[in-house]
Number of protein chains: 2
Amino acid sequence: MDAIRGDIRSSDFPLTGEFLAGRLREHLDQDDLNYIEDLIETVEEHGDGTRLLETGDVTNKSTMLIEGYVFRTIESGDRRYIVGIQVPGDFVDLHGFALKRLDHSIVAAGPVKIGSVSHESLRTVMQDRPNIARAMWFATLLDASIHRKWIQILEQLDAPKRIAHLYAELHTRLELIGRTVPRALRTPFTQLDLADMCGVSAIHANRAVGKLRELGVAEIRRGDLYTDDWDRLKRYARFNADYLYGDGALKLDEGWN
Amino acid sequence: MDAIRGDIRSSDFPLTGEFLAGRLREHLDQDDLNYIEDLIETVEEHGDGTRLLETGDVTNKSTMLIEGYVFRTIESGDRRYIVGIQVPGDFVDLHGFALKRLDHSIVAAGPVKIGSVSHESLRTVMQDRPNIARAMWFATLLDASIHRKWIQILEQLDAPKRIAHLYAELHTRLELIGRTVPRALRTPFTQLDLADMCGVSAIHANRAVGKLRELGVAEIRRGDLYTDDWDRLKRYARFNADYLYGDGALKLDEGWN
DNA sequence: ACAGAAAGCTAACATGCGTCAATAGACCTC
DNA sequence: GAGGTCTATTGACGCATGTTAGCTTTCTGT
């Protein structure tokens, strides 16, 4: 009830359903997808920077991102560190269903549309729809796999390559939900956002963006990336998409329940 | 069957059960713990550096660490990046139960003792013991929380503080399973291991260890850390244990099944 | 159209970290 | 206990990144 804060611009409009359940999609049939759509009880829009969930919050519902991007952030000192990004179709706080309090905050990156599912409904899912429950567990494991990749990226790459890798990852994730356009990737990220994702200062993020431009790898303007050659960008960033399990590596062959 | 490689030094000896199920422990009763102990079908010992599981492996059993430490590693270029550490009582590849292939490797850090649970048994657990299934899901969510903290640490701290934070985390995790000694924390880590965890060169890890010594924060000799003042070390590393959910933040108050 | 605010850009200098080279200490094997 | 190997250590130099300061461009609201 109080977990969602910020300015609500409108609410209660229809879901497209087009990409609903995002990466869970290929593991589920139409019946499952309808079932998930029915779980969503309320839909809201929020503006840029809205703090949707706060570190330490105890929730009684979970949030699915329908439109836009959100950041997972950890605050320390007086600075913000971005530890993850979610794209449409992702549940942003499924872990809040099993863990009492949240270990990080969720902040809107640009305008967002979100749907809410009560934990009570999720409990019913766990009971009645093992397929969907399994797909949801898969989704949290996929988040963990992405976290591990981010750790490696921070350990291995310099700032320009980190930024390139970030966009490469987003491009692949958006491809998986059919949300890409040919030669660009549009985001509302500022250079400060990029800096907070890459663990560098805003000024150095600016240098890094400049280097990508200079090298001809990509042109980034106000968050929007333009490139004629995604393959080159991905090679430059040493990007390998395996960790995103785009081929649907959920074990469904052997029913558990 | 072939997922476990390396030199097996002995096998088939009794479990102590003392810390069995590690961080799951406080969420389970003695009956549950006995049940888990019975799940473990084989116990093996392996030497330092043994590659227990390989990126891309498809497994039909999951591994619990009983003694020692293991690294989660991602290899890229010709270098190894450590993206996580497990301590006794942790399942190291529960995600291999839901995901077809593994996104990273598991390598023994020093000598280890591990137990194996078949995925067939786990399927039975999911059906018959919702309490335990829940605790296992919790364990994978806790891993994700630790991953997020590592991301933040890499973004925020310099090398000396990263090393201090690493030992602070291990100290707290070992406390949770009753495995600490007063003024020290013994590990088999080399400075190269520390470097691969912190994303710096081995030489810089050496400088960082030197700085901790110089500052009087801690003395690290061949992986073993000595300090008279854990609080000071934790303050120096800006360590806050909340992300480890040591108070047992699993939502058990409302049964799901 | 204008003014203020937010975001992007540039330069100069300090520090963290990588690399190379060389040495010293610890452990292992015989 | 001698030799070899792995690990730890030190110094010199260069690049990556942080910090401060100031400036320019773009957005936004009126």
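Labels below follow one simple rule: chain letters A, B, ... track the order of the sequence lines, proteins then strands, and each chain is numbered from 1.
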For B:H171 and B:H165, I'd like to know if the aromatic rings sit close, meaning centre-to-centre distance below 6.0 Å.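 When the ring centroids of B:H171 and B:H165 are compared, they turn out to be at least 6.0 Å apart.
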
Determine, using ring centers only, whether B:F71 and B:F189 are less than 6.0 Å apart.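 Close enough - the centres of the two rings lie under 6.0 Å apart.
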
Need one value for B:G223: base, sugar-phosphate or nothing, where a base atom within 4.0 Å counts as base even if backbone is also close, heavy atoms only.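 The residue B:G223 makes no contact with any strand.
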
Contact class for A:T190 (heavy atom, under 4.0 Å): base, sugar-phosphate, or nothing?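 Contact class for A:T190: sugar-phosphate only.
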
Whole angstrom value for the distance that separates [atom2] of [N] from [atom1] of [X]:
{"X": "B:I220", "N": "D:dA8", "atom1": "CD1", "atom2": "P", "value": "11 Å"}
{"X": "A:R222", "N": "C:dA7", "atom1": "CZ", "atom2": "C1'", "value": "5 Å"}
{"X": "B:L154", "N": "D:dT17", "atom1": "CG", "atom2": "C1'", "value": "15 Å"}
{"X": "A:D193", "N": "C:dA6", "atom1": "CG", "atom2": "C1'", "value": "12 Å"}
{"X": "A:R213", "N": "C:dG8", "atom1": "CZ", "atom2": "P", "value": "10 Å"}
{"X": "A:H204", "N": "C:dA12", "atom1": "NE2", "atom2": "P", "value": "18 Å"}
{"X": "A:D48", "N": "D:dT28", "atom1": "CG", "atom2": "P", "value": "10 Å"}
{"X": "B:F189", "N": "D:dA8", "atom1": "CZ", "atom2": "C1'", "value": "17 Å"}

Which nucleotide wins on minimum distance to the side chain of [X], given the candidates [options]?
{"X": "B:R207", "options": "D:dT26, C:dT19, D:dT19", "answer": "C:dT19"}
{"X": "B:D158", "options": "D:dT9, D:dA21, C:dC17", "answer": "C:dC17"}
{"X": "B:Q191", "options": "D:dT9, C:dC20, C:dG8", "answer": "D:dT9"}
{"X": "A:N206", "options": "D:dT9, D:dT17, C:dC9", "answer": "C:dC9"}

How about A:Y226 and A:R186: does a side-chain donor come under 3.5 Å of a side-chain acceptor?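 Judged by distance alone, the side chains do pair up.
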
Going by distance alone, is a donor N or O of one side chain under 3.5 Å from an acceptor N or O of the other, for A:Q156 and B:S76?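 B:S76 and A:Q156 do have a side-chain donor-acceptor pair below 3.5 Å.
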
Where do B:K149 and A:D103 land on the salt bridge (Lys or Arg N to Asp or Glu O under 4.0 Å) test, with the steps shown first? CA-CA 9 Å; B:K149 178 56 76 169; A:D103 60 293; over 6 Å; no

Between A:A159 and B:A202, just flag the one whose closest nucleotide in DNA chain D comes earlier from the 5' side.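 In this pair, the answer is B:A202.
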
